[in-house]
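These notes concern the structure reproduced below.
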Amino acid sequence: LGVKGYSQLIDRVSAFALAADMWDDHISRSTPGRLAHELDPSTVRTPALDLIDQALVDLLDTPDGRLLISMPPQEGKSQRASRRFPLWALTRNPNLRIAIVSYEHGVARRWGRAIRDDITTHGPRLGLRVRDDLSAQHEWQLAGHDGGVYTTGIGGALTGRPVDLLIVDDPIKDRAQADSKTYRERAWDWWLEVGATRLAPGAPVVVIATRWHHDDLIGRMLAHEDGHEWRVLNIPAQSESQDTDPLGRPEGEFMVSARGRTREQWQKIQRRSGSRTWASLYQGHPTPDTGNLFPRDSWARYTQPLWVVRD
């Protein structure tokens, strides 16, 4: 069907629903994706993004909800979860205090700026306005309400800021960070000592990421004693089984790409990536670098030979 065909089909099916949702000059607010499409008709819609949409709606309606989303890179998950979702949430509850966190402050700050600018541009239609005296890119508040957005990086502070909705988007930058035990410990410590401690009662949390390592933040969260509390939504690039695929695709079928990738292009990525990268970044199943029979951590290392062979 392709991304263009899928978007056209959805537009036709939802036309009457969109009209019913709209009144005066206000816009449809039923899902983050519908809101995004009303603000920007060029917004791409795919089955994967629609599934993420529904998961985010369910999360906000679930007290103390926990959601982990993993998906291949560059397929629109951050735009939907870190830009459109918080904006949509504020139209539902302008008193929400939202924190957005990424691997570095500059990345999170860009999402804060984008949401603020969306409100500046579409404020009358959204029924929202940013305070003139508290409108920085990294921290702003809605006029007449307690809600707003604060952004920081992994390792950054949230001291003195109760959080009603926490969004952690791409806590790992690249393979170097993923393979660094020091960085993984830093990210985990931040979650335990900063992120989790600033949550207001009932506050939902969503972590959006491309999986890099079996011991990354998502891996740690699932392995923790409260790992069962997290709902996991992993959307692989290629279906592994129709019975378990979240999109119901037949085995071997590639996802409808937000970037318009064809089957042939997906196959090229698969060949170029290699098994480790494809399994982690694109399928969401990172595996340890070593097996269990002779784990590398248990190897003994010697600086001198244990014996000498003589002629």
Side-chain angles (χ1 to χ4, degrees), residues 22 24-43 53 56-57 59-60 76-171 173 190-191 194-208:
M22 297 175 64
D24 291 336
D25 196 32
H26 288 71
I27 61 179
S28 172
R29 300 173 184 172
S30 58
T31 70
R34 293 266 294 275
L35 173 64
H37 191 265
E38 287 299 312
L39 297 180
D40 180 5
S42 68
T43 297
D53 248 9
L56 293 171
V57 171
L59 175 72
L60 198 65
K77 61 185 180 299
S78 291
Q79 276 284 339
R80 187 58 49 89
S82 294
R83 180 182 180 184
R84 303 307 190 182
F85 174 51
L87 178 62
W88 172 81
L90 287 171
T91 66
R92 291 189 57 183
N93 181 359
N95 289 312
L96 278 179
R97 296 161 296 186
I98 301 173
I100 302 176
V101 182
S102 190
Y103 60 84
E104 65 180 20
H105 185 201
V107 176
R109 185 175 62 237
R110 287 199 294 269
W111 294 122
R113 180 178 66 232
I115 303 164
R116 182 202 63 183
D117 292 349
D118 285 338
I119 293 174
T120 301
T121 302
H122 304 284
R125 300 181 67 197
L126 294 167
L128 302 174
R129 184 172 65 84
V130 176
R131 278 177 52 175
D132 294 332
D133 60 336
L134 189 54
S135 59
Q137 297 178 29
H138 74 285
E139 181 179 15
W140 49 264
Q141 184 176 337
L142 294 175
H145 300 282
D146 293 333
V149 168
Y150 179 81
T151 66
T152 190
I154 292 291
L158 288 173
T159 305
R161 294 179 173 85
V163 175
D164 300 312
L165 170 61
L166 177 60
I167 300 170
V168 181
D169 185 1
D170 279 334
K173 177 182 179 180
W190 179 90
W191 163 247
V194 180
T197 65
R198 304 315 305 167
L199 297 175
V205 180
V206 57
V207 180
I208 317 103

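In this text the structure is predicted, and so the values were computed from the model without any measurement.
- Listed here is the closest heavy atom pair of Pro86 and Ala81: CD-O, 3.3 Å.
- Side chain of Trp190 to backbone of Gly195: no donor-acceptor contact under 3.5 angstrom is found.
- Taking CD of Glu38 as the start and OG of Ser30 as the end, the distance is 9.0 Å to the nearest 0.5 Å.
- At a threshold of 4.5 Å between non-hydrogen side-chain atoms, the residues Trp191 and Leu166 count as touching.
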Can you check side-chain contact (heavy atoms from CB on, under 4.5 Å) on Leu199 and Val205, steps first, answer last? CA-CA 9 Å; Leu199 297 175; Val205 180; 3.7 Å; yes
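- Among the candidates Val149, Asp164, Thr151, the single residue satisfying the side-chain contact (heavy atoms from CB on, under 4.5 Å) test with Ile98 is Val149.
- Exactly one residue among His138, Gln141, Arg198 makes a side-chain contact (heavy atoms from CB on, under 4.5 Å) with Tyr150. That residue is His138.
- A side-chain contact (heavy atoms from CB on, under 4.5 Å) with Thr152 is found for exactly one of Leu158, Ile100, Val194, namely Leu158.
- Taking CD of Glu104 as the start and NZ of Lys173 as the end, the distance is 5.5 Å to the nearest 0.5 Å.
- To the nearest 0.5 Å, atom CG of residue Leu39 and atom NE2 of residue His37 are 11.0 Å apart.
- Between Ser78 atom OG and Asp169 atom CG the span is 3.5 Å, to the nearest 0.5 Å.
- Looking at Arg84, its side chain never comes within 3.5 Å of a backbone N or O of Leu35 through a donor-acceptor pair.
- With values rounded to the nearest 0.5 angstrom, His122 atom NE2 is found 10.0 Å from Asp117 atom CG.
- Judged by distance alone, with hydrogens and angles left aside, the side-chain atoms of Thr43 form a donor-acceptor pair with the main-chain N or O of Ala36 at under 3.5 Å.
- Annotation for Leu142 and Pro94: closest pair CD1-O, 3.5 Å, computed over non-hydrogen atoms.
- Of the listed residues (Leu56, Asp53, Leu126, Val57), just one forms a side-chain contact (heavy atoms from CB on, under 4.5 Å) with Trp88, and that residue is Val57.
- Using a 4.5 Å cut-off on side-chain heavy atoms (C-beta onward), Asp118 and Arg83 make contact.
- Applying side-chain contact (heavy atoms from CB on, under 4.5 Å) to Arg116 and the options Thr121, Val130, Leu87 leaves one that passes, Val130.
- Residue Leu60 comes nearest to Pro204 through the heavy atom pair CD1-CG, 4.3 Å, listed as atom of the first residue, atom of the second, then distance.
- Here Arg129 contributes atom CZ and His145 contributes atom NE2; the two are 9.5 Å apart, rounded to the nearest 0.5 Å.
- Under a 3.5 Å cut-off, the side chain of Asn95 and the backbone N or O of Asp146 do form a donor-acceptor pair.
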